[in-house]
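Numbering of ligands and ligand atoms starts at 1, following listing order. In this text the structure is predicted, and so the values were computed from the model without any measurement. The figures here come from the full heavy-atom set of this structure, side chains too, leaving out hydrogens, waters and symmetry mates.
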Amino acid sequence: MRKLFVYISIGLILGIAIIGFFASAFLWCYVVVLPLVGLGVYDMFQSKHTILRNFPVLGYFRYFFELISPEIQQYFIERHTDGTPISRNHRTIVYERAKDVSATHPFGTELDLYNNHYEGLKHSIYAKKPSQENPRVQIGGPQCEKPYSASIYNISAMSFGALSSHAILAMNKGAKSGGFYHNTGEGALSDYHLEGGGDIVWQIGTGYFGCRNENGDFDPDAFIDKAKHQQVKMIELKLSQGAKPGHGGVLPAAKNNEEIAKVRMVEPHTTVLSPPGHSEFNDAEGLLRFVDRLRSLSGGKPTGFKLCIGRETEFEELCDTMKSTGIHPDFITVDGAEGGTGAAPLEYSDSVGMPLEPALKFVRRTLEERGLHPEIKIIASGKIVTAAQLVKILSIGADLCNAARAFMLAVGCIQAQRCDTNNCPTGVATQKPELIRGLVVEEKYRRVANFHRNTIKATMELMASCGVEKLEDLSDDLFMHGWQWPPEGGTRAG
Ligand SMILES: Cc1cc2nc3c(=O)[nH]c(=O)nc-3n(C[C@H](O)[C@H](O)[C@H](O)COP(=O)(O)O)c2cc1C
Ligand code: SF4
């Protein structure tokens, strides 16, 4: 009897195991193998992707690795001095300054100082004590009734739409806390700019977002309504930007939700392209008259324009027209071709416009030759991330500077370069609520202010090391360009 019981039990266990084996094989077959076979057959006969026709199913690995290649590059391959557009070392310095932790670098430089790209500051034997002051620059010529005292480092134009509501709010609160300005970008003035309480430069682009009529033309009443806001300190007319000069802005349909469309006064859920040029003017005099009109409509606030230099003769003609008409902008923002963008065609980013350094030297010289500087202030932008870069650009000819991507890094951007997909993993450049929630404004606004404060502090230290106490004493000869000894034409003995 007991034997029979044992045989029955063994039989049952074996039976269950065999059934289980066949059932799971059956399940595997249904859940995994059959769908893969189906997918393979589909791949073989679809006509869009050659790789999948030739390597059904396996071909997806290629797409997967292509998708995560920026992360592989950044996490496993990139060296400290690598990484574009902003190197790992420079990203790190932003993160450290934003978190207010030590931003020192151990063991010495990783750069090759013996190549021709080296640009070192010439320090002085008679180095000074760094000034504790936060230097300010007064903007506003005789034609302006409400001059503005600006910091030397500010947040460059980035629209609500390109950036999320939390990113805009964190930047603006940071600007308020640190006493510097925040440029709205061409995507209009939103409640998030105002909620933070920080100083604002309202930028008007070719789409006249926030101050347009139903045809997309400039609407003076809508302009006056917003320009009179006490937080709006200056007005900037955007002619072009370095990353895509001569190409209008692009707001992808995926990012153009109801809220953004309302702020911009456009149709929601459509791709919004702003025209390449302005409908309000088509020559130098028209441009200056429009600048003057914006200034008086704003109640006399400093008004200027932003451009990336293309044809030098056009800029020279513009400056000649300032002389002949007597109409002067209060500032000119020079954006280098190396500048950033939320979205631009690659050809424009790589191959159109003048880089910042030559552009800045040209603009400064052209204004000075006509006696227009220092009345017209020069603002510069284009990859100004570190204090050394800030000192360099101020020495070359800028009165003050703007930065866009540095402040994006300060609010948490990891340079994943997906800004145009609406899938920014850090909530900086997306309109998806589930991603935006990751960016905590109360934490990140402090980082914006810290980054600014620590960068200014480092700038003051560098200036003091060069024996320079005032901004006016900075000059181009503080820099050694490339490494050459003896200097060209000289001898070692001489
Ligand atoms: C996400 C993003 C959005 C931008 N949007 C604008 C804009 O609306 N108007 C504009 O004039 N420039 C815009 N820019 C350009 C910046 O204002 C700035 O001129 C340029 O990025 C150079 O600064 P950076 O090198 O410090 O980033 C944008 C840049 C970025 C990265
Ligand atoms: S994390 Fe990536 S997608 Fe987001 S803002 Fe930075 S670069 Fe753009």
What protein heavy atom is closest to atom 8 (Fe) of ligand 2, reported as residue, atom name and distance in Å? Cys419 SG, 2.3 Å
If the cut-off is 4.0 Å to any non-hydrogen atom of Ala403, which atoms of ligand 1 fall inside it? 26 (O)
What class does the angle between the rings of Trp202 and Phe223 fall in, given that below 30° is parallel, 30 to 60° is tilted and above 60° is perpendicular? parallel
Side chain or backbone, does Gly340 bring an N or O within less than 3.5 Å of an N or O on ligand 1? yes
Please tell me whether Asp399 and His373 have a donor and an acceptor in their side chains that are separated by less than 3.5 angstrom. yes
Taking 4.0 angstrom as the limit and counting only heavy atoms of Arg405, give me the atoms of ligand 1 inside it, by number and element. 24 (P), 25 (O), 26 (O), 27 (O), 31 (C)
List the closest protein heavy-atom neighbour of atom 5 (S) of ligand 2: residue, atom name, distance to the nearest 0.1 Å. Met408 CE, 3.5 Å
Atom indices of ligand 2 within 4.0 angstrom of Ala416 heavy atoms, with elements: 1 (S), 2 (Fe), 7 (S)
Near Ser381 (heavy-atom distance under 4.0 Å), the atoms of ligand 1 are 19 (O)
Heavy-atom closest pair (Asp225 atom, Lys228 atom, distance to 0.1 Å) is O-CG, 3.5 Å
Can you list the atoms of ligand 1 that are under 4.0 Å from a heavy atom of Met408? 31 (C)
Thr386 and His90: side-chain donor and acceptor closer than 3.5 Å? no
Can you tell me which residue among Arg295, Glu375, His328 is in a side chain to side chain donor-acceptor pair (under 3.5 Å) with Gln143? Arg295
Does the shortest distance from atom 4 (Fe) of ligand 2 to an N/O/S atom of Cys424 fall below 2.8 Å? yes
Ser159 near ligand 1, heavy-atom distance under 4.0 Å? yes
Any side-chain donor paired with an acceptor under 3.5 Å for Tyr148 and Asp199? yes
Close-contact set for ligand 2 against Gln417 heavy atoms, below 4.0 Å: 2 (Fe), 7 (S)
Pair Gln231, Tyr181: side-chain N/O donor-acceptor within cut-off below 3.5 Å: no
For Leu237, which of His278, Gln203, Lys306 qualifies under side chain to side chain contact (heavy atoms under 4.5 Å, CB included)? His278
List ligand 1 atoms under 4.0 Å from Ser156, heavy atoms only on the residue side. 16 (C), 17 (O), 18 (C), 19 (O)
Is it the case that the side chains of Asn422 and Thr430 hold a donor-acceptor pair, with the cut-off being a distance below 3.5 Å and no angle test? yes
Describe, in one word, how the ring planes of Tyr348 and His247 are oriented to each other, choosing from parallel (under 30°), tilted (30 to 60°) and perpendicular (over 60°). perpendicular
Under 4.0 Å from a heavy atom of Gly185: give me the atoms of ligand 1 that qualify, with their elements. 7 (C), 8 (O)
What is the closest protein heavy atom to atom 9 (N) of ligand 1, and at what distance does it sit? Gln203 OE1, 2.8 Å
Is the Lys NZ or Arg CZ of Arg264 less than 6.0 Å from the centre of Phe209's six-membered ring, within 45° of the axis? yes
Does Ile384, backbone or side chain, put an N or O under 3.5 Å from an N or O of ligand 1? no
Looking only at side chains, do Thr455 and His452 share a donor and an acceptor under 3.5 Å apart? no
Please check if any side-chain donor atom of Asn450 sits under 3.5 Å from a side-chain acceptor atom of Arg447, or the reverse. no
Proximal atoms of ligand 1 relative to Gly342 (non-hydrogen, under 4.0 Å): 1 (C), 2 (C), 3 (C), 30 (C)
Interfacing atoms of ligand 1 (cut-off 4.0 Å, heavy-atom, Glu186): 7 (C), 8 (O), 9 (N)
In ligand 2, which numbered atoms sit nearer than 4.0 Å to a non-hydrogen atom of Arg418? 2 (Fe), 3 (S)
For atom 12 (N) of ligand 1, grab the closest protein heavy atom and report residue, atom and distance to one decimal in Å. Lys306 NZ, 3.1 Å
Kindly indicate, with the supporting measurements, whether the criterion side chain to side chain contact (heavy atoms under 4.5 Å, CB included) is fulfilled by Thr333 and Leu307. CA-CA 6 Å; Thr333 307; Leu307 85 172; over 6 Å; no
Of Val385, Leu163, Thr184, Thr341, the residue with the heavy atom nearest atom 30 (C) of ligand 1 is Thr341
Using heavy-atom distances, let me know which of Gly427, Ala429, Cys413 sits nearest atom 6 (Fe) of ligand 2. Cys413
Check against side chain to side chain contact (heavy atoms under 4.5 Å, CB included), Leu435 and Cys424: CA-CA 7 Å; Leu435 293 171; Cys424 166; 5.8 Å; no
So which protein heavy atom does atom 28 (C) of ligand 1 come closest to, and at what separation? Ala157 O, 3.3 Å
Residue pair Asn256 / His269, side-chain donor-acceptor N/O under 3.5 Å: no
Provide, to 0.1 Å, the distance between atom 3 (C) of ligand 1 and the closest protein heavy atom, together with that atom's residue and name. Met158 CG, 3.6 Å
Among the heavy atoms of Gly382, does any lie under 4.0 Å from an atom of ligand 1? yes
Test of proximity, Lys383 against ligand 1: N or O pairs below 3.5 Å: yes
If you have a sec, work out which protein heavy atom is nearest atom 26 (O) of ligand 1 and how many Å separate them, to one decimal? Ala404 N, 2.8 Å
Using a strict cut-off of 4.0 Å, indicate which atoms of ligand 2 neighbour a heavy atom of Ile414. 1 (S), 6 (Fe)
